[in-house]
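Below is one structure, written out as structure tokens; the observations come after it.
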Amino acid sequence: MINSEIDQIFDSFDKNTIFKDKSLLQSNHKPEEILHRKEQIKQIASILAPILRGEKTSNLFLYGKTGSGKTLSVQYVQEQLFKRAKENNKYKLRIEYLNCKLKKISDTEYRILAELIKKMGGNVPDTGLPTQTVYSKFIEIIDSERQLIVLILDEIDQTVKKISSDFLYNLTRMNSELSKSQICIVGISNDLTFLDQVDPRVKSSLSEEEIVFPPYNALQLKDILNNRAKLAFKEGIIEEGVIEKCAAFAAREHGDARRALDLLRIAGELTERDNSKKIKLKYIDEANKKIERDKILDVISTEPKQFQLVLYSIINLSEQFNKEKKGPLFTGDVYNYYQDFCLKNKTDVLTQRRVSDIIQEFDMLGIINVRVISKGRGGRMREIKLAISKSIIEKAKEIIQGGLEYI
DNA sequence: CGAGATTCATGTGAAGTATACCTTTAGGCTTAA
DNA sequence: AAGCCTAAAGGTATACTTCACATGAATCTCGTA
């Protein structure tokens, strides 16, 4: 009986599918034609062109919010370069792309280098080696044969915020330690003010060239969406105004094209699940919520246990405070609650110092909002507010509870 | 009454500790000549 | 004797703790009007 139900689900999935080719809407899809980014692509190409003659190029820096086509454009140029380089392969060309924001990687200089080495075919242990050794190993691998290397470091602003800019300084200086090879760095940053915080020495050598990617406006987003939707969905399946709404939503989010495509794809998936024949406007709203929720929940669920405990304390306390109409939450309240909670769970209790840092990290993640205030003689503390909506909070609680034996 | 000192409760930086893991090295054992 | 394995020694990164000092405005204190 269960089987027949499952069959039914599969059947309706089979019949009713509204996608022609869903992969076109997935965020890792590379379209053949990149709309509204011709200018930037041309610039990148002209800056990187000397590579084809085996010359070192200027370091390059790309600015622009998420989903403004930076990564796509670079990768496009990268492919073209490879194509050309194959034809006249006088020099070996390697282009490595690394997204520094990925979890596990972004935390430390060590991990980034380790990841780079792994990409270059080397191998380093997760821990135990001196950073300097890892660094030399990296140089060794690069310098093992005559080659040109382009390192594309996506979202390095995240990294530099966590580590110091020494890391970048080392990278920019690397050329002087290489004898056979040459290296060229393409940095990508979401934060326009990023370079202002960086050491001037690094700044001058890293951003020899800069290209700004302005956000897409609603019209451009519409273009892009239309272009992909044509191929991704079956015909006549999209209701009037759906594309426009997607574009509008994404335009509000600083013109994030990736977001726009995600919206459309998830709206499609929701439609499919609903056995509906057309993608209606309401699905976009739902998709929007779902994206937001999934993003946050994903972050929360991958957070270490102690972080989850702290977050759980914050959630519970702020619910309690809301009910009792007490004012905002402060560090002390959270810590006390957390302490009790840990004791009940027979978990180790971290010091206030550490919890203070954890709270700060949650602020960085955007899960809570934090403000340091001084209450005069009442002391100085952080005022803590949850920055996520109620439905997400409920889910988050479930996730955290799931990972605990005792609540 | 008002300027400066005090005070509170925590922020924050620096240094130290525990743990997990890595490489190197030396000693012991096995193996092949 | 050469080769291999193992365990100890010596080293690092990371997450956390400990210690100590920094903050910043409400409140207190005390000299002055």
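Chain letters run A, B, ... following the sequence lines, proteins first, then strands; residues in each count from 1.
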(request) Please state how far atom CG in A:Asp348 lies from atom P in C:dA15, giving the value in whole angstrom units. (result) 16 Å
(request) Output the single nucleotide from B:dT10, B:dT12, B:dT6 whose closest atom is nearest the side chain of A:Arg353. (result) B:dT12
(request) Look at the side chain of A:Arg354 against the base of C:dT17 and say whether a donor-acceptor pair falls under 3.5 Å; ignore hydrogens and angles. (result) no
(message) Closest-nucleotide mapping onto DNA chain B: is A:Arg382 or A:Arg377 further toward the 5' terminus? I mean the 5' end.
(response) A:Arg377
(request) Would you kindly say whether A:Gln306 and A:Tyr338 are connected by a side-chain donor-acceptor distance under 3.5 Å? (result) yes
(message) Does this structure show an ion pair linking A:Arg259 with A:Glu292, if we count only N-O contacts that are shorter than 4.0 Å?
(response) yes
(request) State whether A:Glu269 and A:Arg265 are salt-bridged, where the test is any N-O pair (Lys NZ or Arg NE/NH1/NH2 against Asp/Glu carboxylate O) under 4.0 Å. (result) yes
(message) Please pick, from C:dT17, B:dT10, C:dG24, the nucleotide with the shortest atom-to-atom distance to any side-chain atom of A:Ser374.
(response) C:dG24
(request) Starting from P on C:dC16, measure out to OH on A:Tyr335 and report it in whole angstrom. (result) 13 Å
(message) Taking the basic N atoms (NZ, or NE/NH1/NH2) and the acidic carboxylate oxygens, is any pair closer than 4.0 Å for A:Asp340 and A:Lys344?
(response) no
(message) Expressed as a whole number of angstroms, how long is the span from A:Gln352:CD to B:dA9:C1'?
(response) 8 Å
(message) Are the side chains of A:Leu98 and A:Leu151 in contact, using a 4.5 Å heavy-atom criterion?
(response) no
(request) Return the 5'-most residue of the pair A:Ser356, A:Gly376 with respect to DNA chain B, ranking by each residue's nearest nucleotide. (result) A:Gly376
(request) Name the residue closer to the 5' end of DNA chain C, choosing between A:Gly379 and A:Gln306 according to the nucleotide with the nearest heavy atom. (result) A:Gln306
(request) Specify the separation, in whole Å, of atom CD1 of A:Ile358 and atom P of C:dC16. (result) 6 Å
(request) Whole angstrom is fine here: how far is it from CE in A:Met381 over to C1' in B:dC8? (result) 9 Å
(request) May I ask you to evaluate whether A:Thr331 reaches the phosphate of B:dT10, defined as a side-chain N or O under 4.0 Å from OP1 or OP2? (result) no
(request) Choose from C:dA26, B:dG11, C:dC16 the nucleotide whose nearest atom is closest to any side-chain atom of A:Leu350. (result) C:dC16
(message) Checking contacts here: which listed nucleotide (C:dT17, B:dG11, B:dT6) is nearest the side-chain heavy atoms of A:Thr351?
(response) C:dT17
(request) Using a cut-off of strictly less than 4.0 Å, decide whether A:Gln360 has a side-chain nitrogen or oxygen near OP1 or OP2 of B:dT12. (result) yes
(request) Could you check how far CD of A:Glu361 sits from C1' of B:dT12, rounded to whole Å? (result) 14 Å
(message) Side-chain N or O of A:Arg380 versus OP1/OP2 of C:dA25: is the shortest distance under 4.0 Å?
(response) no
(message) Using a 4.0 Å heavy-atom cut-off, does A:Val134 contact any base of the nucleic acid, only the sugar-phosphate backbone, or nothing at all?
(response) nothing
(request) Measure the distance from NZ on A:Lys375 to C1' on B:dT10 and round it to the nearest whole Å. (result) 12 Å
(request) Using atom CD of A:Glu383 as one end and atom P of B:dG11 as the other, report the distance to the nearest whole Å. (result) 12 Å
